[in-house]
Amino acid sequence: MTSTNPFFAPSTLPFRLPDFAAIRPEHYAPAFDRGMAEQLAEIAAITGCGEALTFDNTVVALERSGRLLERARVVFANQTSADSSPRTEELDAEYQPRFAAHEDAILLDRELFARIDALYADRADLGLDPESLRLLERVHTDFTRAGARLSPDEQRRLREFNAELATLETSFEQNLMADTRARALVLDSAEELAGLSPDAIAAAAENARTLGYDGRWVLSLKLFSNQSELAWLTDRSVRERLLTASLGRGEDVNRDLVVRIATARAERAALLGLPSHAAYVLQNRTAGTTGAVEDFLGRLVPLAVASARAEAEQLTAAVEDGGELAPWDWKFYAEKVRAAEHDIDEAALRPYFELERVLRDGVFHAAGEVYGLRITEREDLTAYHPDARVFEVRQEDGTPVGLFLGDYYARASKRGGAWMNSLVDQSHLFDERPVVVNNLNIAKPPAGEPTLLTIDEVRTLFHEFGHALHGLLSDVRYPSFSGTSVMQDVVEFPSQVNEMWLARPEILSRYAVHHVTGEPLAAEVVERLMRARRSGEGFRTVEYLAATLLDWAWHSIGADTDPGDPLAFEAAALESAGLALELIPPRYRTTYFAHVFAGAYSAGYYSYIWSEVLDADMVEWFEGNGRTVRESGELFREGLLSRGGSVDMMDAYRAVVGQDPRIEPLLARRGLLT
Ligand SMILES: [Zn+2]
């Protein structure tokens with residue numbers, strides 16, 4: 001089998017697309033094992049190198065190491081999120097702690113750090129180009145933050161924390177996936193689904209069949225606290241049951257885990273001489289200090305709460321029979337008020353948003369208008385699942401750019417939400433072009449029927465393709481800086497900017513066309529739709545900020561703090577942030593907040609709105625700078641998108657726009673200007 005393991009040699013397919021047709025689950029473990037051993041041998045060759053110390057024989061050699069492991073890990077990460085199985089979940093649980101230990105073995109290698117430290121001390125005299133200098137600084141920071149300066153005994157404790165956290169985080173995610181499945185709402189009669197579209201009711205029946213509840217209807221839980229069906233279900237008790245199931249996720253299975261995760265992170269920060277995990281995280285963010293984040297959030301909270309209170313009054317007035325507004329009523333009445341105020345029925349617009357058309361004439365067309373890209377499907381290339389499609393991206397003059405994989409449909413083996421993955425990072429060091437993936441969770445229609453989207457799904461398509469563009473348009477030397485490898489609190493900025501094209505009349509008029517009659521969506525309807533989109537910003541900002549402040553509270557604790565009962569901790573944190581609004585639960589509650597307890601967003605959930613400051617300001621620049629879309633697109637691409645992590649994003653921003661990002665465009669967009 002060793003000779004046939006497709007990970008052992010670089011792929012020979014176009015753009016080094018992984019050879020998915022050949023990859024089997026049994027290939028992962030041998031590739032991981034050999035990949036880790038190979039990288040350790042490469043590190044030993046660096047530290048044992050007899051020649052004089054140079055940037056090339058140390059930092060670049062480190063950048064070149066671990067190729068086999070990387071090839072296997074990116075494919076595995078893609079599979080565990082987009083098409084997992086009990087087999088891959090088992091492997092994930094087994095290997096996450098081993099990967100953490102492997103990374104520690106490199107980052108805590110004393111001889112390796114001594115070389116990096118010596119180069120760092122001399123960095124001004126090495127004659128390095130700016131990108132190489134930044135790589136040296138980045139590597140030095142990574143090693144220091146990982147504990148390279150600690151004593152051997154402290155380093156041993158650090159390794160224990162890292163291994164323990166890797167295991168806990170994997171358990172959190174797996175518990176949550178199981179509990180989310182278990183809490184799906186099973187309904188006995190179609191009447192209980194009244195208010196949902198016929199498609200949604202059919203999908204619930206199909207879902208029931210798949211899950212072994214023949215003849216019934218199942219609403220599976222999606223990521224956020226507020227489930228999308230709450231806007232439509234007319235039976236109040238069903239709404240209550242659905243929201244209650246959603247809010248209870250993880251309560252029984254993840255309670256102890258979150259306390260230990262937060263405490264272990266705080267203890268690890270203390271070992272590194274820092275007051276909290278948040279302080280540790282902020283060492284590697286554009287925000288810089290915990291104070292900067294707290295000031296920023298503190299400015300937004302009262303504006304958002306005031307706006308949400310005004311919305312609550314409006315909704316209460318709309319409740320039939322003068323009844324009380326409950327949390328499970330919010331989305332339902334918000335939808336009614338919005339429909340009445342803006343005379344718009346979003347469900348009736350779905351025939352105008354057909355997936356193929358939105359992709360080709362919307363998302364891809366916009367990338368052509370703004371960046372001169374041409375995107376065509378490569379039916380001859382195989383992805384990792386029959387629903388995932390492969391597209392080739394070229395510049396208008398035919399120059400190859402990379403491959404784009406689109407995997408749009410929901411399935412039981414896929415985690416919730418939408419995201420972008422990189423399978424091959426662009427770099428000149430390896431002369432490689434990018435291969436990136438977008439994943440969404442659109443309900444798959446019955447065979448032969450078109451996929452009709454909501455406006456939210458259209459927005460998600462543009463958003464995720466913004467991340468894909470960040471990867472595709474990358475033009476850097478070192479893979480560590482490729483595409484979306486920027487500081488995390490600005491990684492959402494390019495994807496948010498890409499959402500602007502969805503509503504531009506010249507783009508929208510091409511893709512928003514009735515899939516049967518061919519009639520374009522009237523400009524006046526579009527305008528009303530965009531106005532309607534802006535209603536409810538108070539609610540959305542509050543539920544988001546509540547989750548953000550929860551994340552922040554859990555990661556601001558010191559090593560000697562006992563958080564106590566996690567649900568009581570959560571209630572107290574929301575109270576002290578001024579966000580304990582009975583009617584608006586946080587977008588995520590603690591026990592199902594996978595972004596921060598299982599994912600990479602710990603002390604980082606603030607990033608979305610931090611990025612949005614740049615996004616809103618950049619959109620104004622695009623609209624008001626007097627250049628054509630194509631000229632602006634080139635400047636944005638040259639100065640920002642293509643630079644990835646090789647430059648400081650704030651410097652790059654100022655270089656393109658000519659000034660610091662202003663917060664006012666964000667406040668105006670969210671209706672929070674007072
Ligand atoms: Zn995003």
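What's counted below: heavy atoms across the whole structure, side chains too, no hydrogens, waters or symmetry copies.
Under the 6.0 Å distance and 45° angle rule, Arg587 counts as a cation-pi partner of Phe224.
A distance below 6.0 Å separates the ring centres of His595 and Tyr588.
Take Glu620 and apply the salt bridge (charged side-chain N to carboxylate O under 4.0 Å, His left out) test, not counting sequence neighbours, and it matches Arg662. Among residues two or more places apart in sequence or in another chain, the salt bridge (charged side-chain N to carboxylate O under 4.0 Å, His left out) test is passed with Asp425 by none. Take Asp660 and apply the side-chain contact (heavy atoms from CB on, under 4.5 Å) test, not counting sequence neighbours, and it matches Arg654.
Classified by interplanar angle (parallel below 30°, tilted 30° to 60°, perpendicular above 60°), the ring pair Tyr120/His140 is parallel. Between Phe55 and Tyr478, the angle of the ring planes goes over 60°, which puts this pair in the perpendicular group of the 30/60° scheme. Phe32 and Phe76 have perpendicular rings, their planes meeting at more than 60° on a 0 to 90° scale where under 30° would count as parallel.
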TODO: Please lay out, stage by stage, how Trp501 and Phe622 fare under the test ring pair (Phe, Tyr, Trp, His ring centres under 6.0 Å).
DONE: CA-CA 11 Å; Trp501 306 114; Phe622 259 100; 5.5 Å; yes
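Side chain of Gln496 to backbone of Tyr608: a donor-acceptor contact under 3.5 angstrom is found. Side-chain atoms of His470 come within 3.5 Å of backbone N or O of Gly483 as a donor-acceptor pair. At distances below 3.5 Å, not a single donor-acceptor pair connects side-chain atoms of Asp407 with backbone N or O atoms of Asn439.
A salt bridge is defined here as a Lys NZ or Arg NE, NH1 or NH2 lying under 4.0 Å from an Asp or Glu carboxylate O, and Arg669 with Asp615 meets this definition.
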